[in-house]
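Each chain gets a letter, A, B and so on, in the order its sequence line appears, and its residues count up from 1. In this text the structure is predicted, and so the values were computed from the model without any measurement.
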Amino acid sequence: MSVRVQTADFDVAAALAEMRLASADIGAVVSFIGQVRDINDGDTVNTLTLEHYPQMTERMLASIEKEAQSRWNIVNSLIIHRVGTLKPLDQIVLVAVASAHRGDAFKACEFMMDYLKNQAPFWKKESTPDGERWIEAKTSDTEAQERWQQS
Amino acid sequence: MSVRVQTADFDVAAALAEMRLASADIGAVVSFIGQVRDINDGDTVNTLTLEHYPQMTERMLASIEKEAQSRWNIVNSLIIHRVGTLKPLDQIVLVAVASAHRGDAFKACEFMMDYLKNQAPFWKKESTPDGERWIEAKTSDTEAQERWQQS
Amino acid sequence: MNIKVLYFARIKESVNYSTEEIALPVDISNINTLKAFLAKRGEIWADLFSGKQVVRAAINHELVDDMMAIHDGDEVAFFPPVTGG
Amino acid sequence: MNIKVLYFARIKESVNYSTEEIALPVDISNINTLKAFLAKRGEIWADLFSGKQVVRAAINHELVDDMMAIHDGDEVAFFPPVTGG
């Protein structure tokens, strides 16, 4: 279980290798990489700036990991999230889960992303040719989180 | 869309980087890595040997990719599966899906793994201190596939 | 009681600062009454805190709803719905 | 008609070879009747092909069920339930 919030880029290869090689109990590693798209809502995105609430971010991400661990059989998990100014094709976030069997890893990884989207205090501002704008939260993300409350 | 069956190990980092950097339309890359566990059904696993049906394997994996592409909005996908003799902590399989948004990538990646487990002609034989044995197919894998037929 | 208030993202830009110390009147006891108190500061504040916009709150780094009580020394944060990931 | 038959994994080890050419009697027209035909070859074959075990079949690299018709020149494969991934 670990959480990192950083301005620097991260090395997916090293992170996943470290995770899977940590134990021969691990049969499955599911990972999610989020990256900056060059178009959003029909407009060109030049840069994307991520702001966050430092003390709260780490705390919230750790509590999301803990909740996932209580729901599924997972051996290890990792969240790395970048802040600062990024450009299209830059990596934003890595969520990875290692488990004995694939079902737990898939569910826990998607759960962590859905909760991160709705609860972790990050905000995105895009710079487009028409100026800057804050990205609005999406109803689809709220709905994605609500699925997990029914089970 | 691509499929590789090989005895050699594969480079997850290179595969994922190539996939995500192929297009700035991609916002999400979900991947699954399967690896050899050192214990199965309570016994120590020394080696795991994967046999397959060459002409049929590639065809079946390609048809699984095609089916995933018809069900979700995915930009690209990849399946790499090893055959031959492996040992604990060796990588067996990589399934990766790139899409604009995370929901499609998560669903397509899990779908592909569930179908691969039930339809792709691979068979596993383990070598344990008590000798060799073929691994039996699991009911849980059949059930995992059947979930996708209800939607 | 005295509290620290933090603003983030679009809200920080609207009010034009990120943090302040506030000595609260005695009748301000939860997030709801604190929002009403802030809304009286002027047009920009009324626009943000009178209920027209969704403004989330945290107390001491935990997400809370508007009925959550505020205590002396608390760090209260106001921000728009989050959009990370 | 003449077909090629392939065996894999546990089944290959039981019958002790991986491939054979078979000239089928005229009444063997689908997977079901081919399994019954093979089951008559002896104890090992009966054990595999008389229905006690789950044996999957493919014709020309496509998974098929037991009612699927066989044609001259087909490549038929028999194997246990798959266990990749």
So which part of A/Ala144 gets closer than 4.5 Å to some heavy atom of chain B, the side chain, the backbone, both or neither? side chain
Okay, A/Lys87 and chain B: the region with an atom under 4.5 Å from a heavy atom over there is neither
Can you find a heavy atom in the side chain of B/Val29 that is under 4.5 Å from one in the side chain of A/Gln91? no
Mark yes when over 12 heavy atoms from residues, nucleotides or ligands other than B/Asn73 sit less than 6.0 Å from its CG; otherwise mark no. no
Counting only heavy atoms not in A/Gln6, do more than 12 sit closer than 6.0 Å to its CD atom? yes
When the 4.5 angstrom heavy-atom criterion is applied to A/Val30 and chain B, the contacting part is both
Expected output: side-chain A/Glu110 to main-chain B/Phe106 donor-acceptor under 3.5 Å: no
Atom OG of B/Ser140 and atom CZ of A/Arg102: how far apart are they, to the nearest 0.5 Å? 7.0 Å
Most contact-rich option vs chain A, by heavy-atom pairs under 4.5 angstrom, among B/Leu16, B/Leu21, B/Ile26, is B/Ile26
Nearest heavy-atom approach of B/Gly27 to A/Phe32 is O-CZ, 4.5 Å
Side chain, backbone, both or neither: which part of A/Leu89 has an atom under 4.5 Å from a heavy atom of chain B? both
In terms of heavy-atom pairs under 4.5 Å with chain B, the winner among A/Ala14, A/Ala17, A/Ala13, A/Ala24 is A/Ala24
Among the options A/Ala96, A/Ala100, A/Pro88, A/Gly103, pick out the one with the most heavy-atom pairs lying under 4.5 Å from chain B. A/Ala100
Determine the option with the most heavy-atom pairs under 4.5 angstrom with chain B, choosing from A/Ile39, A/Val12, A/Asp114. A/Asp114
Indicate yes or no for a side-chain donor-acceptor contact from A/Arg37 to the backbone of B/Asp25 under 3.5 Å, with no hydrogens or angles considered. yes
Value for OG (A/Ser23) from CD (B/Gln35), rounded to nearest 0.5 Å, stands at 8.0 Å
